[in-house]
Structure formats: C-alpha cells, structure tokens
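The structure under discussion appears below in the form of structure tokens.
First listed ligand is number 1; within each ligand, the first listed atom is number 1. Note that the structure is a prediction, hence the values are computed from the model and not measured.
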Amino acid sequence: MSKREYSQEELAAALASMGVSDQTDVRRYGSGHINDTFKVETKRGVRYILQRVNTDIFDVALLKNNIIRVTQFLKAKGVKSLEVLGYENPWRLYAFLEGYTSRDVVEDPRQAYDVARAFAKFQNDCADIPEPRLEDIIPKFHDTPDRLRQLDEAMAVNYQGRLAKVAAELEFVDSWRPNASRIVEMMAKGEIPERVTHNDTKINNVLVAGDGTAVVIDLDTTMPGSALYDFGDMVRTSTASAAEDEKDLSRVYSKKEYFEALVKGYLEGAKFLNEAEKANLAFSGRLSTFEVGIRFLADYLKGDTYFHTAYDDHNLVRARTQFKMVQSMEAQAEEYEAIVRKYI
Ligand code: ADP
Ligand code: GN1
Ligand code: MG
C-alpha cells in the first residue's frame, strides 16, 4: 500500500488533541512498514514522534491498552523505553529519543552484538509483567503454517495476474513447507515455552547510542510468543549484507561474522533459554526469514494491502531478498550451528 498523504491541518489537529500547538515542522520519519510516523519540531526545541496507528491492522483500543501497560511497567522498573506523552486513537505522541540512531542494515559486528543484547534485555525486562497475560494483539502473528495458509488464499486472489510472475518463488516455498511447523509444534507440545516477546525485532526497531546502550521501540506486537521468533528476526535483519529491498540479489547474503556477534550478544543476555530453544537458534533465523518472505509474497499476490510500498513490485522484491537470505543461511547451516554450539 502506498503511504497515505496527510494535510498539515490534519497533522496539526492531531497534535492539538495531544496538547502540542507550537510545531515548526512535521514530516515523515523512519522506514517502518506499518504505521504513519512523523518527526515533530517545536519552537521550544523539544522534538516528538507523532504516529498514526494503522487502523487496518490493529484493534486500536486493544493496542492502546497494551502499549500503556508495557511502557508503564518498564518505566516503573527504571528501564528506558518509549515514553507515551499522548494517546488519542488512532494518534499517539512519543518523546523523541534523542542521541540514538536507528539503522536498516548492520555495518559492523559490534552493531549486531548491541542489537542482540538489547532484545535479550527486553525479554528479561518483560518476563515478570504481572497477570493477566498480555493480549494477543495480532493472533497467530508468528504461526508460520498459518502464514502459508494465508499465502494460499492470496494465490486465489491473484491480483492483476501476478501469480504468473512468481512461479520460481512458489517452487521455493513448496520446498520449504515441511519446515514451517517446527516451532509452533514444539510450543504446542510444551518443549518451547511461551514468553513475553517483542515479535518484531528488526534492526530499525531498536535505537542504539554511541556507547552501545539501546532502547527497544515499536512495542506494538509485544505479546506472548516464542523467544525463537525474536531471535530469528534478528538474524533476518541483522545478518543481512544489504537492504531488505535490494534488487540485485547477488548482493544479498547472510554474513557469518554478524551472525556470530548476534549469537554472542543474545546468549550473554538471554540466560533463561532452555535446551530446545538453544538448539533451534540457527534454525529460527531461516524460519523467520522464510516467514517474512511468504508474508511479502502473499501481500504482493493480494495487491499490496498490508505493508507500505513505494513502487509496484516492491513486495515481490522484498520476498526475493528474503528467500535469497534463507538460501544463504542454508548454505552456511553447518557453520551457523557450530557457532551456536561454541557460545552455548
Ligand atoms: P512501524 O510500526 O511503522 O515500523 P515504528 O514505531 O517502528 O513504526 O517507527 C518507525 C521509525 O521511527 C523507527 O524505525 C525509528 O526510526 C523511528 N522512531 C519511532 N519512535 C521513535 C522515538 N520515540 N524516537 C526516535 N525515533 C523513533
Ligand atoms: C513490519 O512495523 P515494522 O516495519 O517494524 C511488520 C513485521 C515484519 C516487517 C518486515 C506489525 O515491521 O512483522 O517482519 O515489517 N510488522 C507488523 O520488514 O506486521
Ligand atoms: Mg518498526
């Protein structure tokens, strides 16, 4: 879906509803695929993040409760997190986190290490959120077999005859189908525990300062899940040699030195993992990347109704980079497993 345009009047009204009226500049910010995010400058020199929640995807009332609950819990613990300054559905206002950088691609292993430490700490910090269980903000969010079912539905839609362009991708998907259920089945059997997880651990959902301290953001999908899907999405995004929408597939692969830094950082922080979780860390990278690949492909076949897109084939390009990443991880599977064993 291409990004919606907002008039300055609409943005001003949203800001006014949350008590801000001295803005000097409000403009699109970041590279998230879901919400509409703006950076706000004011006469006072204070900056904000203004965000319109994606109402097609989220139950906004449920989401608001979840965000307020999680952020207040972290604040009470003294953990630096998103600071909610206003929330008038579907709009919300966050303090702009000054002094931190978000990036879309890792440039040296240290950054991968920082990302992994940050998400491991986040999982630790959230582990003792008091009852009741957090809401399933998006049910079956990381249920890869269900994502395959959604892909099959999307094939029936075949928007603008796009199916004809994806035969090779569908062949790859079919070769991978038998692997899709491993984590959900292990969870159903109780071999892998349900934990409070972030569920969207892509690299631009963590802001890192020069000294390596980090703040985990984009808390919309913080809900019960598996630590493995969190680790898997770190592998997908923080070991990638190129952007998620790189068109030249020869430039797309998973970098072993980044994987090693991620494993080291994650295992240093995530002391709670059980044996089954540790044994599936390398696999989780392949599975999470496959899952996001089929989600991009399904969105392409449905006519780009979910992710923000900037051009016609954007979701197809993204799906292809994901499948290339899976293949690259498969080619290095033995080395990746050996790295995990080294740090366990
Ligand atoms: P989406 O759900 O669309 O991915 P995010 O909540 O991740 O939206 O926000 C998009 C981007 O905006 C982030 O990747 C980050 O670069 C930036 N961002 C979000 N919140 C803040 C904040 N409080 N301070 C600074 N930058 C932020
Ligand atoms: C979306 O919101 P953002 O851009 O951080 C998506 C993730 C995908 C990711 C792929 C709520 O993340 O699940 O992995 O795009 N978020 C939602 O880049 O669907
Ligand atoms: Mg995001």
- Note: N35, heavy atoms under 4.0 Å from ligand 1, region reported as both
- Within 45° of the axis and under 6.0 Å from the centre of the six-membered ring of F283, does NZ or CZ of R182 qualify? yes
- Hey, are the side chains of V20 and M18 touching, using non-hydrogen atoms and a 4.5 Å cut-off? no
- Check for a donor-acceptor pair, side chain of T237 on one end and backbone N or O of I203 on the other, with a separation under 3.5 Å. yes
- Query: Under 4.0 Å from any heavy atom of G32, which atoms of ligand 2 are there?
  - Reply: 4 (O)
- Query: Given H33, R295, K202, H142, which has its nearest heavy atom closest to atom 8 (C) of ligand 2?
  - Reply: R295
- Message: Does only the side chain of N54 get under 4.0 Å from ligand 1, or the backbone, or both, or neither? Count heavy atoms.
- Response: neither
- Task: Taking only heavy atoms of A95 into account, list the atoms of ligand 1 that are under 4.0 Å away from them.
- Result: 22 (C), 23 (N)
- Checking heavy atoms under 4.0 Å, the part of L207 that sits near ligand 1 is side chain
- L82 heavy atoms, cut-off 4.0 Å: which ligand 1 atoms fall inside? 23 (N)
- Protein contact to atom 16 (N) of ligand 2 [nearest heavy atom, distance to 0.1 Å]: D200 OD2, 3.4 Å
- Under 3.5 Å: donor-acceptor pair, side chain of D230, backbone of H198: yes
- Which residue owns the protein heavy atom closest to atom 14 (O) of ligand 1, what's the atom, and how far is it? N204 O, 2.8 Å
- Where is the nearest protein heavy atom to atom 18 (O) of ligand 2: which residue, which atom, and how far? E244 OE2, 2.5 Å
- Message: Run T37 and N35 through side-chain hydrogen bond (donor to acceptor under 3.5 Å, both in side chains) and show every step you take.
- Response: CA-CA 6 Å; T37 305; N35 297 312; 5.8 Å; no
- Message: Students should be able to answer this: which protein heavy-atom is nearest to atom 24 (N) of ligand 1, and at what distance?
- Response: L97 N, 2.9 Å
- Query: Are any of the N or O atoms of I49 closer than 3.5 Å to those of ligand 1?
  - Reply: no
- Message: Show the atoms of ligand 1 that are less than 4.0 angstrom away from any heavy atom in T37.
- Response: 8 (O), 9 (O), 10 (C), 12 (O)
- Task: Indicate yes or no for a side-chain donor-acceptor contact from N89 to the backbone of V60 under 3.5 Å, with no hydrogens or angles considered.
- Result: yes
- Would a distance-only check, ignoring hydrogens and angles, find a side-chain to backbone donor-acceptor pair under 3.5 Å from N199 to T221? yes
- Message: So if I count the atoms of ligand 1 from 1 in the order they appear, which ones are less than 4.0 Å from some heavy atom of I217?
- Response: 13 (C), 15 (C), 18 (N), 19 (C), 20 (N)
- Item | N35 N/O/S atom closer than 2.8 Å to the Mg ion (ligand 3) | no
- Task: Run the salt-bridge test on D22 and R44 with the 4.0 Å N-O cut-off and return the result as yes or no.
- Result: yes
- Item | Enumerated ligand 1 atoms positioned under 4.0 Å from heavy atoms of I34 | 2 (O), 3 (O)
- Item | D218, N/O/S atom nearest the Mg ion (ligand 3) | OD2
- Note on the structure: Of all protein heavy atoms, the one nearest atom 2 (O) of ligand 2 is I34 CG1, 3.1 Å
- Query: Looking only at distance, does S31 have an N or O less than 3.5 Å from an N or O of ligand 1?
  - Reply: no
- Item | Polar contact flag for D233 and ligand 2 (N/O pairs, less than 3.5 Å) | no
- Message: Can you name the atoms of ligand 2, numbered from 1 with element, that are less than 4.0 Å from a heavy atom of F296?
- Response: 10 (C), 18 (O)
- Message: Closer than 4.0 Å to some heavy atom of N205 - which atoms of ligand 2 meet that?
- Response: 5 (O)
- Would you verify whether the NZ or CZ of R195 falls within 45 degrees of the ring axis of F272 while also being under 6.0 Å from that six-membered ring's centre? no
- Message: Distance under 4.0 Å to a non-hydrogen atom of N205: what atoms of ligand 1 satisfy this?
- Response: 7 (O)
- Give the residue and atom name of whichever protein heavy atom lies nearest to atom 8 (O) of ligand 1, and the separation in Å to one decimal. Q51 NE2, 3.3 Å
- Residue, atom and distance of the protein heavy atom nearest atom 11 (C) of ligand 1 read G30 CA, 4.0 Å
- Which protein non-hydrogen atom lies closest to atom 11 (C) of ligand 2, naming both residue and atom, and how far is it? Y306 OH, 3.7 Å
- Query: Is there any N or O on F96 that sits under 3.5 Å from an N or O of ligand 1?
  - Reply: no
- Task: Using distance alone, determine whether D218 and ligand 1 share an N or O pair under 3.5 Å.
- Result: yes
- Ring center gap for W91 and Y48 short of 6.0 angstrom: no
- Message: Quick check with a 6.0 Å cut-off and a 45 degree axis cone: is K247 positioned over the face of Y311's six-membered ring?
- Response: yes
- Query: What atoms of ligand 1 come within less than 4.0 Å of a heavy atom belonging to H33?
  - Reply: 3 (O), 4 (O)
- Note on the structure: Smallest heavy-atom separation, K324 atom then V252 atom, equals NZ-O, 3.0 Å
- Taking both backbone and side-chain atoms of Y29, is any N or O found less than 3.5 Å from an N or O belonging to ligand 1? no
- Can you tell me if N158 uses its side chain to pair, donor with acceptor, with the backbone of R162 under 3.5 Å? yes
- Task: Looking only at distances, please establish whether an N/O atom of ligand 1 is found under 3.5 Å from an N/O atom of Y94.
- Result: no
- Taking N or O atoms only and a 3.5 Å limit, does D218 qualify as a polar contact for ligand 2? yes
- Message: Tell me the nearest of G32, S102, G99 to atom 16 (O) of ligand 1, using heavy-atom distances.
- Response: S102
